[in-house]
Amino acid sequence: MPYQYKYLNAEMPTREEVLSKLPNEASRFLMNRIAEMGVESTWERFECQQPQCRHGITGSCCQRCLWGPCQITPKRTRGICGADLNLIVVGNLLRALAAGCSAHGTHARQVADAIIGVSNGNVPYDLKGEELLRELALYLGVNEEERGKQIRAVGDLLLGSITGGNNGIGKIMDKFAPPERMALWQEMGILPRSAMEEVFEALHLTTLGSCSDWRELVKQEMRTALAYCYGALAPASLGQEILFGIPEVSREPVSVNLGVMRADAVNLIIHGHSPVLAEMIVAEVNSAAVKAAVQEAGAKEIILMGACCTGKALLSRHGIPSVTGIMGSELAFATGALDALVLDMQCAIPGLGQLAECFGGKIITTYPGNRFAGESHIPYSPEEADRQAREIIRLAIENFKGRRGREVFIPTSTALAVSGWEPGSFLNQFGGAPQVAELLRLGRIKGIVSIGGCDSPKVPFEFNHVELARGLIAKGILVFTTGCASYALLNAGLADPAAAELAPTGLRELCRQYGMAPVLPIGACTDNFRLLRIYQQISEAAGHKIADMPFCHSGPAPGSEKNIGQGLTFLLHGVSVHQGFPGGMPVPMPVPAQNQRYTDDMEIKVNDISRFFAQEAYELLGARVYVEPYAHLAVKTIQMHMHRHRIRLTWPG
């Protein structure tokens with residue numbers, strides 16, 4: 001029976017429910033394999049934490065000073081310092097947002113540093129995104145003949161958006177942000193200075209005794225979210241397109257899912273968020289020296305695979321099979337065939353170490369601060385990236401030698417996916433943004449939804465993502481997907497053009513006409529910036545604001561702190577957001593009647609922060625947050641949202 005959380009009007013799944021609902025046979029096979037071996041995984045640890053603390057899950061607990069921790073209840077309405085529920089909830093949100101901004105900002109900084117290294121001539125990278133480089137350099141006023149200066153100027157621009165130099169974030173916003181939004185944000189007083197400065201200020205304002213006005217903290221929340229977008233997502237996404245080129249749509253579908261492993265091959269998964277070193281591994285893996293080493297080890301080949309956001313970047317650019325997201329990374333070790341898991345930064349959960357030790361896989365960390373006790377560590381240096389890539393491949397081959405003859409358990413499940421989508425390839429497929437806007441107006445596409453974010457044990461693993469996408473497709477809604485959320489959709493076959501059969505006539509015929517799937521993977525979490533560019537161009541072509549259009553963003557399984565910035569990024573641009581579990585942003589609080597005992601069955605009330613994002617945000621931004629943990633109801637919520645927008649636009653359907 002699911003774990004009941006009546007004060008949230010929600011429930012969380014047991015391991016048995018997860019297994020019964022899993023749409024991915026590979027995941028089910030490996031979850032059972034881990035259980036048979038008596039090894040602990042995320043799902044066992046999740047059950048050990050039940051029931052989760054009501055104060056922690058509703059954001060009503062404050063641990064931001066050494067006087068506490070303080071918990072807010074109907075009987076204890078203020079913390080020791082005098083902070084009420086509003087201040088505590090928004091302070092917790094702001095700190096989590098700052099952490100997420102710093103995570104994506106660190107990724108972006110690694111990319112910017114590599115571009116600057118190219119301008120100095122001391123890193124082994126060749127820029128492949130020349131067209132975007134020239135566009136940004138000319139925007140900055142750097143002559144096209146001065147290529148070295150162009151590279152340095154663009155690198156400094158991207159770095160400045162993160163650190164605050166060169167007015168980088170202001171220039172990126174002037175270039176890419178919708179003008180009507182820029183005017184609104186300026187009027188609201190939330191234009192950011194840089195990612196680092198806004199993270200600094202967010203932490204400052206939430207220290208003991210720094211700010212006692214919850215509305216001012218909400219203002220900083222929105223300012224930091226814009227810094228997250230234009231000082232972290234933008235420099236990471238744009239910088240990778242300059243370094244490694246703009247992806248191209250794959251001519252043939254690519255096989256994905258954990259079944260792409262082979263017992264007679266060296267299996268290497270590249271996992272994390274920054275593909276800077278990963279790209280060098282891709283460049284080195286087909287060298288004559290590596291092929292000779294693989295053959296000498298007795299392997300047929302070396303198979304590169306991707307996990308998490310680095311995996312999505314490699315799928316988009318190289319057609320390298322994507323296999324699983326953050327929660328499924330433990331499952332990959334259970335095959336017994338994984339020789340090396342290469343981790344750059346973020347989303348490498350501590351539990352991986354136990355699984356690697358049990359099933360004989362090797363963890364290789366590459367970001368200087370990201371370490372697993374006792375594992376191999378090769379700290380990334382842009383100047384030595386090629387040598388480091390060769391060493392990583394060597395360690396994977398050595399691990400293959402050690403596992404020869406050992407029994408492996410590779411699932412047979414695979415799926416096909418067409419990848420490589422980005423703003424240009426999507427819009428040009430139809431002849432440009434005006435044609436896409438016309439398809440929306442006519443109702444051949446009822447609306448566009450982006451499904452992104454993480455996995456979470458609070459909802460059935462992979463099930464909610466797939467059920468949501470299938471339901472939206474059945475309503476004629478086109479789906480984009482990014483980050484860990486996309487693994488469930490791709491592994492379920494929804495990014496295969498054959499999945500068009502799930503759509504009604506208008507969308508189905510459109511997919512058949514252009515040979516595309518109803519789910520389009522558009523990259524990593526940082527590539528949500530690509531989605532904003534798509535939404536903006538379609539809106540401009542339609543002659544409407546983004547907030548007027550039938551668009552929505554969904555995070556069915558919020559997990560990482562980075563998900564807060566993701567949701568707020570879309571909200572601030574006028575795209576309403578569906579959140580798949582009622583924790584964090586909307587925080588219900590039961591309030592008993594006078595002299596009535598406090599129980600889980602009390603009537604649910606929302607605090608001012610919840611009310612702001614559900615109601616006031618709509619008045620300010622033209623977008624709101626919807627919370628619905630059940631996928632079939634979320635489909636109806638989003639469909640109604642689309643329907644209201646189409647009515648206001650007087651569009652049919």
Side-chain angles (χ1 to χ4, degrees), residues 92-108 176-177 181 192 195 198-199 202 221-237 273-274 308-309 312-313 325-326 345-347 448-456 458-459 464-465 468 479-489 521-536 546 551-581 583-586 613 617 621 623-627 634 638:
N92 290 341
L93 280 172
L94 183 51
R95 286 212 159 195
L97 170 61
C101 184
S102 70
H104 278 320
T106 300
H107 167 184
F176 291 102
R181 288 282 131 172
E198 299 310 338
V199 167
E221 183 92 14
M222 293 189 286
R223 191 181 293 116
T224 307
L226 288 176
Y228 168 96
C229 178
Y230 291 99
L233 299 189
S237 186
H273 279 265
S274 175
C308 262
C309 282
K312 286 299 146 193
I326 179 172
M345 59 173 73
Q346 302 160 36
C347 293
I448 300 177
V449 173
S450 47
I451 298 179
C454 282
D455 301 323
S456 171
K458 292 177 180 175
V459 299
N464 275 26
H465 294 85
L468 176 66
V479 175
F480 282 101
T481 187
T482 57
C484 280
S486 57
Y487 285 94
L489 307 189
I522 201 161
C525 281
T526 51
D527 293 319
N528 282 310
F529 189 68
R530 289 179 182 156
L531 287 169
L532 292 175
R533 290 156 64 193
I534 289 173
Y535 288 151
Q536 180 179 350
I546 293 178
F551 301 148
C552 188
H553 177 75
S554 173
S560 169
E561 293 158 313
K562 292 173 284 188
N563 292 169
I564 295 173
Q566 183 181 119
L568 287 172
T569 287
F570 285 100
L571 193 74
L572 283 159
H573 285 79
V575 178
S576 288
V577 175
H578 159 247
Q579 179 176 307
F581 194 84
M585 195 179 295
F613 285 109
L621 305 168
R624 56 164 55 94
V625 176
Y626 299 100
V627 181
I638 294 172

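Residues take their numbers from the sequence shown, with the count starting at 1. Computation of the quantities below employed the complete heavy-atom set of this structure, encompassing side-chain atoms and omitting hydrogens, waters and symmetry-equivalent molecules. Quantities reported herein were computed from a predicted structural model and do not represent experimental measurements.
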Is the backbone of Arg624 close enough, under 3.5 Å, to the side chain of Ser576 for a donor and an acceptor to pair up by distance? yes
Between Ser554 and His578 the two heavy atoms that sit nearest each other are OG-ND1, 2.7 Å
Residues in ring pair (Phe, Tyr, Trp, His ring centres under 6.0 Å) contact with His553, at least two apart in sequence or another chain: Phe570
Does Asn528 form a side chain to side chain donor-acceptor pair (under 3.5 Å) with Thr482? I'd like the steps, not just the answer. CA-CA 7 Å; Asn528 282 310; Thr482 57; 3.0 Å; yes
Donor-acceptor check, side chain of Arg533 to backbone of Phe176, threshold 3.5 angstrom: yes or no? no
Donor-acceptor contact present, side-chain Ser237 to main-chain Ala234, <3.5 Å: no
d(Lys562 NZ, Leu97 CG) to nearest 0.5 Å is 13.0 Å
Interatomic distance, Leu572 atom CG to Tyr230 atom OH [nearest 0.5 angstrom]: 9.5 Å
Would you confirm whether His573, through its side chain, and Thr569, through its main-chain N or O, come within 3.5 Å as a donor-acceptor pair? yes
Out of curiosity, Cys454 SG to Ile326 CD1, how far, rounded to the nearest 0.5 Å? 5.5 Å
Distance, nearest 0.5 Å, that separates CZ of Phe529 from CD1 of Ile522: 12.0 Å
Leu568 side, atom CG; Leu621 side, atom CG - distance, nearest 0.5 Å: 9.5 Å
